[in-house]
There are 2 protein chains.
Amino acid sequence: MAFSLAAVERFFKVLGDDNRLRILQVLGTGERSVSEILDQTRLPQTLASFHLRILREAGVLTAERRGPFIYYRLAERSLLNLLEACAKYAETLTDPKAGPEFHWPPWGQMCRMMGQRRR
Amino acid sequence: MAFSLAAVERFFKVLGDDNRLRILQVLGTGERSVSEILDQTRLPQTLASFHLRILREAGVLTAERRGPFIYYRLAERSLLNLLEACAKYAETLTDPKAGPEFHWPPWGQMCRMMGQRRR
DNA sequence: TCCTCATATAAAAAGATGCTCATATACTAG
DNA sequence: CTAGTATATGAGCATCTTTTTATATGAGGA
């Protein structure tokens, strides 16, 4: 019921970024070198490196050097399922601020109109 | 496999905040008026209102006015399960940047020392 | 050893977010 | 209608995050 706030917050903060999600999407299909990640995401090298570091330091990714290349992979494959679950939920979210301004229903007014008293 | 980036990103961004998570934690136990939320979170009124708006506009919360009070509740109770799943994952994350600086293993050097060649 | 490739790090610039303070709106009681 | 309570909104700052630009490090080959 009371989950560990700090941990979850960090998790959401780390994943709450477009570029990092795209990187994860690429790595979801398996281990990749940085060069491959650059190709597939079209991110500038230095920016990708920045985000990879964040993911790595959060423990989401694992890095290993082999020769001149550094290979990244998901630390836990189970992250993919979690992402899918989140995506599923996220896509059901209906955005209630459809119009330019959200307006509170004029409760008191309506009650008067309908001859009702507050309960 | 390829989840809807934009939706998930927004979801993570909205949940990636300490105060918002605390609000959700309170609402996890059921519907609450703003006053009650203020009591339980000890947030300044205006700040709580700010975060409530973000959660509401994201579709995570639902608000309804009854008399002078406005009651908030989770739009989808299933969010709680999702949060728990995320918490579970988040808590397993081992932070690899233990020391002040992370150092890449000196692969080439090690190979030379061990008389190996790159493959 | 020197050069080049692959990748990381640091510092500065640009952008986004969260917080506070002041004020507005909706409702109810008198 | 007036005053008081409940809650929302808006402007300005401070802070944190992302992006860019410049530079460093480590590996392999000539």
Show your working on side chain to side chain contact (heavy atoms under 4.5 Å, CB included) between R20(B) and I54(B) and close with a plain yes or no. CA-CA 9 Å; R20(B) 290 198 280 275; I54(B) 291 179; 3.4 Å; yes
Sidechain-backbone polar pair: [X] side chain, [Y] backbone, donor-acceptor under 3.5 Å:
X	Y	value
R22(A)	L24(A)	no
E36(B)	S33(B)	yes
S49(A)	Q45(A)	no

Measure from [atom1] on [X] to [atom2] on [N] and round the result to the nearest Å.
X	N	atom1	atom2	result
R65(A)	dG28(D)	CZ	C1'	11 Å
F69(A)	dG28(D)	CZ	P	10 Å
L43(B)	dT7(D)	CG	P	14 Å
I23(A)	dA8(C)	CD1	P	10 Å
E57(B)	dA8(D)	CD	C1'	11 Å
Y71(A)	dG26(D)	OH	C1'	16 Å
R66(B)	dA26(C)	CZ	C1'	16 Å
D18(B)	dT15(D)	CG	P	18 Å

At under 4.0 Å, does any side-chain N or O of Y72(B) touch on OP1 or OP2 of dA8(D)? yes
OP1 or OP2 of dG10(D) sitting under 4.0 Å from any side-chain N/O of R53(B)? yes
Can you build the contact string for nucleotides 16-22 of chain D? Use B for base contact, S for sugar-phosphate-only contact, and - for no protein heavy atom under 4.0 Å. --BBBBB
R10(A) and E57(A) ion-paired at < 4.0 Å: no
Roughly how far, to the nearest 0.5 Å, is CD of E84(A) from CG of L79(A)? 11.0 Å
Any chance you could measure F11(A), atom CZ, to L82(A), atom CG, to the nearest 0.5 Å? 4.5 Å
With each end axis built from five pairs of C1' atoms, what bend angle do you get for the helix from dT1(C)-dA30(D) to dG30(C)-dC1(D)? Round to 10°. 10°
What I want to check is whether the side chains of T29(A) and R32(A) have a donor and an acceptor closer together than 3.5 Å. yes
List for me each residue that meets ring-ring contact (aromatic ring centres under 6.0 Å, His included) alongside Y71(A), sequence neighbours excluded, and say none if there are none. none
